[in-house]
There are 2 protein chains.
Amino acid sequence: MPNPILLLNKAFDSRIRLGIMAILMTNERTDFNYLKETLELTDGNLASHISALEQANFIEVSKQFIGKKPNTTYKATPEGKEAFKKHIDGLEQLIRTDNL
Amino acid sequence: MPNPILLLNKAFDSRIRLGIMAILMTNERTDFNYLKETLELTDGNLASHISALEQANFIEVSKQFIGKKPNTTYKATPEGKEAFKKHIDGLEQLIRTDNL
DNA sequence: TAAAGTACTTTGAGATGCAAAGTTAATATA
DNA sequence: TATATTAACTTTGCATCTCAAAGTACTTTA
């Protein structure tokens with residue numbers, strides 16, 4: 001059996017980053033407050049995980065105004081979607097492994 | 001949508017602990033060296049993850065001698081199996097969530 | 001007697017996680 | 001005009017986690 005750990009992406013070790021990506025896989029575009037409320041995070045904590053995903057080039061950030069209020073939205077990049085899918089595939093292999 | 005992060009167990013944030021548990025789900029009993037080689041870990045690193053899972057009461061340790069050599073084996077406890085299954089279910093929900 | 005194997009524990013450095021507080025820039029309210 | 005509020009961070013500082021490498025205790029093999 002090959003090392004099953006290599007199938008998994010270190011960037012998704014965190015439950016929070018996994019949650020963010022899962023949301024961005026099904027919701028093309030999501031804003032800061034939606035993530036914050038859904039995942040029940042403090043501003044700082046969310047911002048830091050977003051920044052980690054951004055640096056990995058897994059999500060893309062857009063800033064705009066809605067009416068008079070600033071609004072920041074996030075979107076998974078093709079690279080991020082690809083990486084997330086691979087991670088999920090890796091998990092599935094890990095679980096289904098009839099290893100021996 | 002409820003908070004999807006709550007479906008996941010913090011003890012399984014680590015790829016290594018996930019790998020150990022996955023192996024113990026399909027191999028009733030496994031020893032130190034098998035885990036070490038399969039997961040390509042140093043002794044110390046493996047020992048520390050094992051100890052974390054043991055403290056969570058997710059695995060059980062048995063020490064015996066095979067011939068003249070010490071041999072330590074590990075087994076998932078019912079509690080550990082349950083927790084792992086829940087975690088996997090949580091991941092599945094996270095992924096399949098048609099959230100909105 | 002020396003080297004090697006088993007299964008650790010310890011050490012120490014670095015990375016990560018987190019809440020809370022501070023920040024910036026804009027708007028809303030008194 | 002002064003104050004408050006909102007959005008989205010950034011900074012701080014502490015705690016925890018992760019890891020490799022080295023050390024340990026015991027035994028076996030050369």
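What you see is a predicted model, and the numbers here were worked out from it, not measured in a lab. Naming: A, B, ... by sequence-line order, numbering from 1 per chain.
- Among the atoms of the strands shown, only primed sugar atoms or phosphate atoms (P, OP1, OP2) are found under 4.0 Å from some heavy atom of A/I16.
- The side chain of B/R17 contributes no N or O atom lying less than 4.0 Å from OP1 or OP2 of D/dC17.
- With rounding to the nearest 0.5 Å, the separation of OG1 in A/T72 from CZ in A/F65 is 9.0 Å.
- Between the side chain of B/H49 and the main chain of B/R17, no donor-acceptor pair closer than 3.5 Å is present.
- Note that CG of B/N45 is 4.5 Å distant from CD1 of B/I16, once rounded to the nearest 0.5 Å.
- Within 4.0 Å of A/L46, counting heavy atoms only, lies no atom of the nucleic acid at all.
- Checking D/dT27, C/dG17, C/dA19 against every side-chain atom of A/H49, the shortest atom distance belongs to C/dG17.
- Closest to the B/S14 side chain, of the nucleotides D/dT18, C/dC18, D/dT28, is D/dT18.
- One interatomic measurement links the two molecules: CZ of B/F12 to C1' of D/dT18, which rounds to 18 Å at whole-angstrom precision.
- Across the protein-nucleic acid pair, B/Q64 atom CD and C/dC8 atom C1' stand 17 Å apart, rounded to whole Å.
- At whole-Å resolution of the value, CD in B/E40 and C1' in D/dA20 are 15 Å apart.
- Taking the salt bridge (charged side-chain N to carboxylate O under 4.0 Å, His left out) definition, one finds that A/K81 meets it with A/E28, sequence neighbours left out.
- Taking only side-chain nitrogens and oxygens, A/T42 comes nearer than 4.0 Å to OP1 or OP2 of C/dA19.
- Atom P of nucleotide C/dA20 and atom CG of A/L41 are separated by 13 Å, given to the nearest angstrom.
- Between A/R15 and C/dG17, a side-chain N or O to OP1/OP2 separation shorter than 4.0 Å is absent.
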Using atom names, set out every protein N or O paired with an N or O of nucleotides 6-11 of chain D below 3.5 Å, distance rounded to 0.1 Å.
unit_1, atom_1, unit_2, atom_2, d
D/dA7, O3', A/P70, O, 3.0
D/dA8, OP1, A/T72, N, 2.7
D/dA8, OP2, A/N33, ND2, 2.8
D/dA8, N7, A/D43, OD2, 3.1
D/dC9, OP1, A/K63, NZ, 2.5
D/dC9, OP2, A/T72, OG1, 3.4
D/dC9, OP2, A/Y74, OH, 2.4
D/dC9, N4, A/D43, OD2, 3.3

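- Remark: A/K36 pairs with A/D43 by the salt bridge (charged side-chain N to carboxylate O under 4.0 Å, His left out) rule, at least two apart or across chains.
- Computed from coordinates, the B/F65 CZ to C/dG5 C1' distance equals 12 Å when rounded to whole Å.
- The nearest heavy atom of DNA chain C to A/K68 and to B/K10 marks one nucleotide each, and the one closer to the 5' end goes with B/K10.
- Rounded to a whole Å, the CD1 atom of B/I5 is 13 Å from the C1' atom of C/dC18.
- Taking atom NZ on B/K36 and atom C1' on D/dA20, their separation rounds to 13 Å, with Å as the unit.
- Remark: the backbone N or O of B/T30 is not paired with any side-chain donor or acceptor of B/N27 at under 3.5 angstrom.
- A distance-only check finds a donor-acceptor pair linking the side chain of B/N3 to the backbone of A/L39 [under 3.5 Å].
- We find that CG of A/L8 is positioned 17 Å from C1' of D/dT18, with the value rounded to whole Å.
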